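Worksheet for the structure shown next.
The shown structure was predicted, so the numbers you read here are calculated from the model rather than taken from an experiment.
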Amino acid sequence: MNRLDHKRQNATRRSNRVRSNVTGTAERPRLCVRITNRRIWAQVINDELSKTICAVTVAPKTGVSLTSQAEVAGAEIAKAAKAAKVSKVVLDRGERKYHGRVKVFADKARAEGLEF
């Protein structure tokens, strides 16, 4: 197994470990965040119905850091969730640790009114 396959396998393992403990319900849907080197995706998912309630994608902007884009994504997903009448969610951070961009995203979503 080469180095990149090993990294991807470890990331999948971490993601599965988080997902085994986090499930979205009708009362508390799952707020899934995916952050890459280019984009930030966030979606609120009801796992009981296998349905996405709302989603936001933040595309790269020239000269703007991904940390500040994570703030924008957190604010936008909170507004979209409020419009869909969702106020309480469960955070699914995926394979990433809760620090840096994920923490900035979560803090901004909390500041905009989401509870988790």
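Cluster annotation: Ile45 is not connected to Leu114 through the hydrophobic network of ILVMFWY side chains, with a link wherever side-chain heavy atoms come within less than 4.5 Å. Both Ile53 and Leu31 are members of a single hydrophobic cluster when ILVMFWY side chains are connected at heavy-atom separations under 4.5 Å.
When every heavy atom of Ala78 is checked against every heavy atom of Ala109, the shortest pair comes out as CB-O, 3.9 Å. The two atoms that bring Ile77 and Ala42 nearest to each other are CD1-O, 3.7 Å, heavy atoms only. Residues Pro29 and Val44 approach most closely at CB-CG1, 3.5 Å, considering heavy atoms. The nearest pair of heavy atoms linking Thr52 to Ala55 is CG2-CB, 4.3 Å.
Atom CD of residue Glu48 and atom OG1 of residue Thr25 lie 5.5 Å apart, to the nearest 0.5 angstrom. Here Arg34 contributes atom CZ and Gln43 contributes atom CD; the two are 11.5 Å apart, rounded to the nearest 0.5 Å. The CD atom of Glu27 lies 11.5 Å from the OG atom of Ser87; values are rounded to the nearest 0.5 Å. The CG atom of Leu66 sits 4.5 Å away from the CZ atom of Arg101 when rounded to the nearest 0.5 Å. How far NZ of Lys103 is from CZ of Arg93: 14.0 Å, rounded to the nearest 0.5 Å.
Within a 6.0 Å radius of CG in Asn37, other residues, nucleotides and ligands contribute 12 heavy atoms or fewer.
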Taking only distance into account, with no hydrogens and no angle test, what donor-acceptor pairs under 3.5 Å do side-chain atoms of residues 57-64 form with protein atoms, sequence neighbours excluded?
none

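Evaluation of the side-chain hydrogen bond (donor to acceptor under 3.5 Å, both in side chains) rule for Thr12 yields no partner, not counting sequence neighbours. Scanning for side-chain hydrogen bond (donor to acceptor under 3.5 Å, both in side chains) contacts around Arg13 gives Asn10, with sequence neighbours left out. Partners of Asn21 by side chain to side chain contact (heavy atoms under 4.5 Å, CB included), not counting sequence neighbours: none found. Every residue two or more places apart in sequence or in another chain that forms a side-chain hydrogen bond (donor to acceptor under 3.5 Å, both in side chains) with Arg30 is listed here: Asp47, Asp92. Qualifying side chain to side chain contact (heavy atoms under 4.5 Å, CB included) partners for Ala106, counting only residues two or more places apart in sequence or in other chains: Leu91, Tyr98, Arg110, Phe116. With sequence neighbours excluded, the residues that form a salt bridge (Lys or Arg N to Asp or Glu O under 4.0 Å) with Arg8 are Glu95.
Listed by first and then second residue, the side chain to side chain donor-acceptor pair (under 3.5 Å) pairs involving residues 63-82 are Ser65-Ser68 (not counting sequence neighbours).
Applying the 4.5 Å side-chain rule to ILVMFWY residues, one finds Val22, Val90 in the same cluster as Val18.
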